[in-house]
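First up is the structure itself, then whatever we jot down about it.
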Amino acid sequence: MGRMDGIRGDAPQEPNPLRRLTPDLLRRRTSMKWRTYAPDVLPLWVAEMDVPLAGPVARALTRAVEIGDTGYAHGPDYAEALASFARERWGWEADPARAALVPDVMLGVVEVLKLVTGPGDAVVVNPPVYPPFFLFVRHMDRRIVEAPLDDEHRVDLAVLEDAFRSATAGGRRAAYLLCSPHNPTGTVHTAEELAAVAALAERYGVRVIADEIHAPLVSPGVRFTPYLSVPGAGRGFSLMSASKGWNLAGAKAALALAGPDAAAELAALPEEVAHGMSHLGFIAHTAAFAEAGPWLDALLAGLAENAALLADLLGERLPGVRYRPGEATFFAWLDCRALGLGEDPAARFLQRGRVAVNPGPDFSTGGAGHVRFNLATSPELVAEGVRRMATALG
Ligand SMILES: Cc1ncc(COP(=O)(O)O)c(C=O)c1O
């Protein structure tokens with residue numbers, strides 16, 4: 001409600017959530033980030049955040065537990081909460097009537113791909129990009145066609161056109177899995193770029209599926225444009241969720257949205273798809289979008305501080321690493337090629353520095369010699385991460 005009352009433009013009312021949890025407490029967590037590696041490894045890799053739950057989300061979950069509200073999800077609340085968040089933050093009217101509940105974003109991508117492509121058809125992606133794009137697409141017998149980002153980490157329309165031409169050769173159906181904002185580079189595609197993408201996709205009959213899971217995580221002052229808001233995107237789809245913005249990956253619930261000309265296709269999604277979603281997830285994600293805007297603003301301010309800190313520390317300790325801060329996500333994409341550590345510097349950082357960052361080659365073309373560093377932690381651990389990376393060079 002605070003946001004509706006005009007709090008938005010004010011300084012964040014919430015404390016920085018990235019400064020709230022100690023390493024000892026984080027080590028008690030049982031999820032992937034803090035459990036995959038040995039206890040002497042500092043984990044700055046998978047997309048989990050070192051934050052407590054936003055107050056409104058914790059209260060909604062507590063209320064549900066208190067009254068045993070753990071049955072099946074029902075009703076339009078999640079889609080309506082997303083729609084009001086989208087209206088307020090992005091000035092966009094998402095239509096809850098063209099939304100479908102899906103278990104999570106990646107399974108939503110899979111289900112939408114099944115609606116618009118068949119086995120053997122191509123899916124175009126922009127490497128370096130989120131590794132599961134490759135895994136999930138290949139697992140469903142679709143082919144990957146790569147259209148790498150350019151040197152500025154932007155979508156290259158000429159390269160994309162070549163990819164669309166190859167993907168649709170022989171009259172085949174094809175889809176374009178757009179990562180918006182882009183993981184790992186933090187690129188925020190502009191309205192003009194997205195409109196050009198939509199026009200190109202229409203020309204080739206390629207169906208656009210925009211993974212917009214990082215949309216809430218756009219730096220202060222940067223404008224996110226929802227794909228479905230641009231002219232020509234009527235046959236597109238979007239996948240959205242509060243999973244990244246509020247650290248709710250373990251509380252499964254996401255939304256698939258259709259443009260006006262894809263609504264009939266989305267309506268054909270089989271009923272069982274929604275069954276994989278968690279009602280507790282639905283409650284948590286709804287509370288995040290509806291009530292946890294001030295918490296998100298405090299997080300975004302903290303992430304911007306961490307990005308600036310990382311840039312400073314790299315300049316001091318590891319000047320060979322090239323870091324161009326992105327405009328979104330909580331990742332830093334670090335070009336370590338000048339360090340001479342080969343294809344996979346993350347392996348050396350892990351072995352010699354005891355810090356886990358994501359190996360760039362997992363992101364495919366453009367990933368060699370790079371690592372992805374997760375900034376969603378305390379400034380102290382950002383600094384410790386850089387210290388460990390520098391130690392690994394010794
Ligand atoms: C671009 C992107 N899509 C999807 C996901 C996973 O989302 P979900 O857990 O809802 O499948 C992530 C997680 O980091 C991501 O970065």
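The figures here come from the full heavy-atom set of this structure, side chains too, leaving out hydrogens, waters and symmetry mates. All values derive from a computational prediction rather than experimental measurement. When a ligand or atom number is given, it counts from 1 through the structure's own listing order.
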* For the student: nearest non-hydrogen atoms of Tyr227 and Ala233, plus distance -> O-CB, 3.3 Å
* Structure fact -> Near ligand 1 (heavy atom, under 4.0 angstrom), the protein residues are Ala47, Asp104, Val105, Met106, Tyr130, Cys179, Asn183, Asp211, Ile213, His214, Lys244
* Asked: Under 6.0 Å between the ring centres of Tyr323 and Trp333?
  -> no
* Asked: Measuring from Leu18:CG to Leu375:CG, what's the distance to the nearest 0.5 Å?
  -> 9.0 Å
* Does Asp95 have any salt bridge (charged side-chain N to carboxylate O under 4.0 Å, His left out) partners at least two apart in sequence or in another chain, and if so, which? -> Arg98
* Asked: What pairs meet the salt bridge (Lys or Arg N to Asp or Glu O under 4.0 Å) rule with one or both residues in residues 350-367, with sequence neighbours excluded?
  -> Asp40-Arg354
* With sequence neighbours excluded, give me every salt bridge (Lys or Arg N to Asp or Glu O under 4.0 Å) pair touching residues 67-81. => none
